[in-house]
Amino acid sequence: MASRTELQEWVIEALTAKGGAASIVEVAKHIWQHHESELKASGDLFYTWQYDMRWACTKLRERKIVQAAESSDRGEWRLKPQFA
């Protein structure tokens, strides 16, 4: 069963797999392709995971792992160089 906190790890995993940067849709697709069964077994999170994925990115920005929105193209998430 997945948690909101675990989504942070999955966002990092998706961005790393995409070379350090990806669109929100690409991140969502990666998470679904690699964690579908965990999401389906996660109760209410199954219905909110795409919203929670965005929350996870906000937390990663606060932790200085993902670049600020102002430093990226619209709709793109980018790992800071030291995490890419």
Side-chain angles (χ1 to χ4, degrees):
M1 186 156 149
S3 68
R4 289 178 84 202
T5 304
E6 198 165 15
L7 282 169
Q8 291 181 53
E9 296 170 26
W10 295 353
V11 168
I12 292 169
E13 172 189 295
L15 292 173
T16 300
K18 299 291 183 179
S23 71
I24 296 168
V25 171
E26 289 173 317
V27 172
K29 284 180 181 180
H30 180 91
I31 290 172
W32 183 253
Q33 290 168 348
H34 293 87
H35 301 286
E36 176 183 355
S37 61
E38 293 156 275
L39 289 167
K40 285 182 175 179
S42 295
D44 289 345
L45 183 67
F46 175 72
Y47 299 100
T48 63
W49 75 269
Q50 289 192 16
Y51 166 81
D52 294 323
M53 174 188 72
R54 288 167 171 77
W55 169 88
C57 187
T58 298
K59 292 297 179 187
L60 291 170
R61 285 184 173 130
E62 290 172 3
R63 293 173 54 199
K64 309 284 191 235
I65 294 171
V66 171
Q67 289 184 358
E70 301 80 31
S71 302
S72 302
D73 292 337
R74 183 172 169 81
E76 178 188 67
W77 294 345
R78 182 176 295 278
L79 291 172
K80 288 202 168 194
Q82 63 267 33
F83 297 101

Salt bridge (charged side-chain N to carboxylate O under 4.0 Å, His left out) partners for [X], two or more places apart:
{"X": "K64", "result": "none"}
{"X": "E76", "result": "R78"}
{"X": "R4", "result": "D52"}

task = State which residues pass side-chain hydrogen bond (donor to acceptor under 3.5 Å, both in side chains) with E38; sequence neighbours excluded, sorted by chain then number.
result = H35

ask   = Who are the side-chain hydrogen bond (donor to acceptor under 3.5 Å, both in side chains) partners of S72, not counting sequence neighbours?
value = none

Closest heavy-atom contact between [X] and [Y]?
{"X": "S42", "Y": "A2", "answer": "OG-N, 2.8 Å"}
{"X": "A69", "Y": "R61", "answer": "N-NE, 3.6 Å"}
{"X": "H30", "Y": "A17", "answer": "CE1-CB, 3.6 Å"}

query = Taking ILVMFWY side chains as joined if any heavy atoms are under 4.5 angstrom apart, and letting links pass through other members, which residues group with L39?
reply = L7, W10, V11, I12, L15, I24, V27, I31, W32, L45, F46, Y47, W49, M53, L60, I65, V66, W77, L79, F83

ask   = Salt-bridged, E62 to K59, with N to O below 4.0 Å?
value = yes

inquiry  = Would the distance check show the side chain of S23 and the main-chain N or O of E26 forming a donor-acceptor pair, the cut-off being under 3.5 Å?
reply    = yes

